[in-house]
Amino acid sequence: MGPPDPILGVTEAFKRDTNSKKMNLGVGAYRDDNGKPFVLSCVRKAEAMIASKKMDKEYLPIAGLADFTRASAELALGENSEAFKSGRYVTVQGISGTGSLRIGANFLQRFFKSSRDVYIPKPSWGNHTPIFRDAGLQLQAYRYYDPKTCSLDFSGAMDDISKIPEKSIILLHACAHNPTGVDPRQEQWKELAAMVKKRNLLVYFDMAYQGFASGDINRDAWAVRYFIEQGINVVLSQSYAKNMGLYGERAGAFTVICSDAEEAKRVESQLKILIRPMYSNPPLNGARIASIILNTPDLRKEWLVEVKGMADRIISMRNQLVSNLKKEGSSHNWQHITDQIGMFCFTGLKPEQVERLIKEFSIYMTKDGRISVAGVTSGNVGYLAHAIHQVTK
Amino acid sequence: APLWGPSAAPRAPPVCPGVEGTALSLVAAYRTDEGQPWVLPVVKKVEQMIANDNSLNHEYLPILGLPEFRANASRIALGDDSPAIKENRIGSVQSLGGTGALRIGAEFLRRWYNGNNNTATPVYVSAPSWENHNSVFMDAGFKDIRTYHYWDAAKRGLDLQGLLGDMEKAPEFSIFILHACAHNPTGTDPTPDQWKQIAAVMKRRFLFPFFDSAYQGFASGSLDKDAWAVRYFVSEGFELFCAQSFSKNFGLYNERVGNLTVVGKDADNVQRVLSQMEKIVRTTWSNPPSQGARIVATTLSSPQLFAEWYDNVKTMADRVLLMRSELRSRLESLGTPGTWNHITEQIGMFSFTGLNPKQVEYMIKEKHIYLMASGRINMCGLTTKNLDYVAKSIHEAVTKIQ
């Protein structure tokens with residue numbers, strides 16, 4: 001019998017709890033300040049536009065909706081990107097972030113013969129390991145999170161990366177690292193880029209939170225764009241689950257930066273050969289919504305405002321949590337809560353403390369002490385601070 | 001490229017009164033008598049309902065999919081009165097189309113069937129079959145993919161003896177991919193009696209039935225008739241997988257709506273199987289897309305909408321059946337050499353005409369009628385406007401080219 005999925009299993013336990021004060025700080029889905037799922041207004045508008053047209057339901061091409069994949073590449077790389085303008089890239093539609101990661105993993109397993117090893121940060125999203133493993137690759141780790149400071153172990157990371165065998169694959173979180181919320185600063189990204197270049201590593205960026213992290217899509221994509229400008233031909237997976245709230249519609253993309261447009265064509269042909277025996281061709285609905293938003297100027301403007309709104313609410317909750325902890329009289333240093341960015345926060349809570357939060361306060365999170373800040377509201381942040389103080393004092 | 005308008009899938013050249021440029025090698029999608037794609041009226045209705053329902057959001061579905069979709073989809077395949085459902089020994093995995101269902105099933109079998117990670121278990125695919133079957137099982141890790149006899153070109157029918165012979169010789173526990181109905185590409189299905197013989201051999205030799213059901217309802221117009229083989233195997237006590245697609249019978253091609261139905265020995269085993277399939281799904285697509293599943297679930301769980309859907313399905317099936325009988329009668333009236341009863345005896349979207357590669361080339365080059373080199377035509381490409389032209393062209397090809 002397979003064990004319950006650690007992340008999604010939290011939600012299941014939460015659902016069974018009858019405590020009226022219960023909080024679900026498990027799964028990474030945004031909630032508004034009333035704790036409700038949030039359907040973006042630009043999404044509703046795009047859907048209304050779709051409903052008013054008489055579109056057929058014919059199969060998409062294997063590589064997906066062309067307007068979507070082109071707009072995804074432009075969003076990630078930037079419209080002024082030389083790589084984008086020259087066409088030396090291929091972007092295929094994927095089944096949100098997971099599906100895009102998996103396509104890339106399968107592609108590397110089949111064609112990147114220099115190495116079977118993928119180096120992921122310690123810790124990383126729980127699903128990274130099984131994805132790469134099921135694709136036939138091996139997992140290694142590099143130091144990343146420093147539990148003593150609840151921030152980036154930069155010297156540890158640089159030290160480990162300097163020792164990675166040449167031509168291995170390294171996975172980097174483009175922004176809003178999951179699960180820690182700890183991102184490198186720009187100067188640190190520059191050093192990381194120089195190091196991976198020195199080690200001649202194949203860089204795989206996972207960008208699931210563009211726009212959602214800082215509220216600024218260009219700022220959140222800075223690392224990806226910098227690496228490409230440094231001549232590093234990265235591969236990249238993107239998700240629209242969080243930044244457009246399209247979770248269940250499974251909109252995502254996988255991109256390979258190539259030496260030239262000819263190589264891009266060859267890569268595309270091989271990606272299609274990988275995709276066809278997985279699910280033939282991708283689902284249209286989410287990609288079409290995203291494409292309309294990205295390609296319609298008014299909707300794109302509205303989207304940028306709404307994604308900033310989500311990012312701002314999360315930042316505000318971080319601030320309120322820290323100030324409430326101070327009010328509770330906690331003597332611990334909680335600065336990491338506001339230093340960290342994005343959906344998740346590595347609180348630094350230990351498993352026993354997490355256990356108590358679940359059992360005594362009906363506050364649900366994953367065992368590693370990760371909370372989804374999106375699940376915090378102005379209505380429950382006080383209760384959360386109180387509970388955390390109780391288990392840590 | 002325009003934002004609106006049809007997807008980028010290849011479109012048949014327009015059929016004009018001169019009837020040039022007729023495409024009978026279309027991607028497997030239904031076409032109306034005007035040669036156009038058809039969004040089912042019930043689908044349009046349900047989509048509008050969904051669009052108007054402000055209580056709906058875009059949250060993640062569970063890993064295994066939308067519960068109402070899963071239950072209804074499996075019920076459609078197995079029948080309302082299925083003993084397996086009553087005995088609570090069925091499971092369902094919402095998948096990305098029929099392909100996705102096949103892939104999840106294949107990945108599971110490679111890991112857990114016939115030992116652990118036994119990549120040497122032979123997988124048998126019909127000769128011929130949908131070409132993606134091979135790739136699905138190969139990419140799932142199986143190393144020994146074989147063919148079983150199926151199409152008898154000389155008699156233009158099922159090579160039952162060859163098929164049964166292969167099953168007798170297959171190693172025990174081999175996996176056999178069976179087309180539940182409307183065999184792709186031949187359109188040739190075993191009769192109920194032949195299915196009984198197939199089942200008997202498979203039972204005796206412990207062979208695993210993996211059904212591919214992409215055309216339920218679309219083939220004959222009857223859901224029950226098109227699911228007869230699957231249900232017979234269930235009644236014979238088999239454990240089996242059935243990969244279902246709702247692309248054709250709901251016309252939901254690009255929404256990727258599929259379902260893997262699992263029939264096991266008992267509830268406990270099925271739970272274990274599903275828990276392992278969850279792990280496979282989690283690293284493939286995490287959770288499936290919601291739009292198409294909502295449409296199907298809403299339709300199947302409302303008696304009125306279900307009846308409307310049934311009617312829409314029958315419309316499609318009847319048009320194809322009409323084109324078959326009209327084509328055959330024209331060929332027989334023209335006195336086209338050979339026998340043409342296979343055109344109406346075959347079922348579903350495709351027909352193996354029996355035209356040889358040279359005749360096919362003639363059709364394409366001289367008559368601008370596009371079909372596969374195998375002689376396979378997509379019956380959906382036929383319309384009342386082009387029937388005469390196509391029949392005459394086949395007649396010419398057969399009489400001029402040998």
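First the proteins, then the strands, lettered A, B, ... as listed; each starts at 1. Quick caveat: nothing in here was measured; it's all calculated off a predicted structure.
- Within the 4.5 Å cutoff, side-chain heavy atoms of A/S280 are placed close to those of B/R256.
- The candidate from B/A140, B/G258, B/G141, B/G100 with the greatest count of non-hydrogen atom pairs under 4.5 Å with chain A is B/G100.
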Handout entry: Stepwise salt bridge (Lys or Arg N to Asp or Glu O under 4.0 Å) test for A/R276 and B/D139
Key = CA-CA 10 Å; A/R276 177 102 166 110; B/D139 280 16; over 6 Å; no

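- Smallest separation of non-hydrogen atoms from B/L96 and A/P283: CD1-CD, 3.8 Å.
- Residues A/M278 and B/T99 have side chains not in contact (no heavy-atom distance under 4.5 Å, counting atoms from C-beta outward).
- Side chains of A/Y59 and B/S247 form a contact here, defined as non-hydrogen atoms less than 4.5 Å apart.
- Ranking B/V273, B/N57, B/N132 against chain A, the residue ahead of the rest is B/N132, based on heavy-atom pairs under 4.5 Å.
- Interface residue A/I273: only backbone heavy atoms are found under 4.5 Å from chain B.
- Taking 4.5 Å as the limit, some side-chain heavy atom of A/N127 sits within range of a side-chain heavy atom of B/T283.
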Problem - side-chain contact (heavy atoms from CB on, under 4.5 Å) between A/K57 and B/L40, intermediate numbers included - result: CA-CA 10 Å; A/K57 299 221 168 273; B/L40 275 59; over 6 Å; no

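- B/V43 touches chain A through its side chain: at least one heavy atom from C-beta onward sits under 4.5 Å away, while N, CA, C and O do not.
- B/Y60 places a side-chain heavy atom less than 4.5 Å from the side chain of A/R250.
- Proximity to chain B (any heavy atom under 4.5 Å) is restricted, for A/E47, to the side chain, taken from C-beta onward.
- A donor-acceptor pair is defined here as one N or O able to donate and one able to accept, closer than 3.5 Å; such a pair exists between the side chain of B/N254 and the backbone of A/E58.
- For the salt bridge (Lys or Arg N to Asp or Glu O under 4.0 Å) condition, the pairs that include at least one residue of residues 92-109 of chain B, sequence neighbours left out, are B/R103-B/E107, B/E107-B/R110, B/E107-B/R111.
- For the residue pair A/T98 and B/R282, the shortest heavy atom distance occurs at CG2-O, 3.4 Å.
- Most heavy-atom pairs under 4.5 Å with chain B: of the set A/G94, A/P277, A/P282, this distinction falls to A/P277.
- The choice from A/R133, A/R110, A/R70 that makes the most heavy-atom pairs within less than 4.5 Å of chain B is A/R110.
- With a 4.5 Å cut-off on non-hydrogen atoms, A/S96 does not touch chain B at all.
- Listed here is the closest heavy atom pair of B/W285 and A/I95: CB-CG2, 3.5 Å.
- Interface residue B/L56: only backbone heavy atoms are found under 4.5 Å from chain A.
- Interface remark: B/P288 contributes backbone atoms only to the contact with chain A (heavy atom separation under 4.5 Å).
- A distance of 9.5 Å separates OG of B/S290 from CG of A/L246, quoted to the nearest 0.5 Å.
- If you measure heavy-atom distances from B/W130 to chain A, the contacts under 4.5 Å come from the side chain alone.
- Comparing A/N106, A/D134, A/V39 by how many heavy-atom pairs each has under 4.5 Å with chain B, the most go to A/D134.
- Of all heavy-atom pairs spanning A/M55 and B/V39, the tightest one is O-CG2, 3.7 Å.
- Neither the backbone nor the side chain of B/D268 comes within contact range of chain A, judged by heavy atoms closer than 4.5 Å.
- There is no contact between A/A105 and chain B, counting heavy-atom distances below 4.5 Å.
- Going from atom CG of A/N285 over to atom CD1 of B/I295 covers 8.0 Å, rounded to the nearest 0.5 Å.
- Interface check for chain A: of the options B/S275, B/G97, B/S135, the most heavy-atom pairs under 4.5 Å are formed by B/S275.
- Rounding to the nearest 0.5 Å gives a distance of 14.0 Å between CG of A/D56 and CH2 of B/W38.
- With values rounded to the nearest 0.5 angstrom, A/Y247 atom OH is found 12.0 Å from B/N287 atom CG.
- Here B/E59 pairs with A/R31 in a salt bridge; the nearest charged N to carboxylate O distance falls below 4.0 Å.
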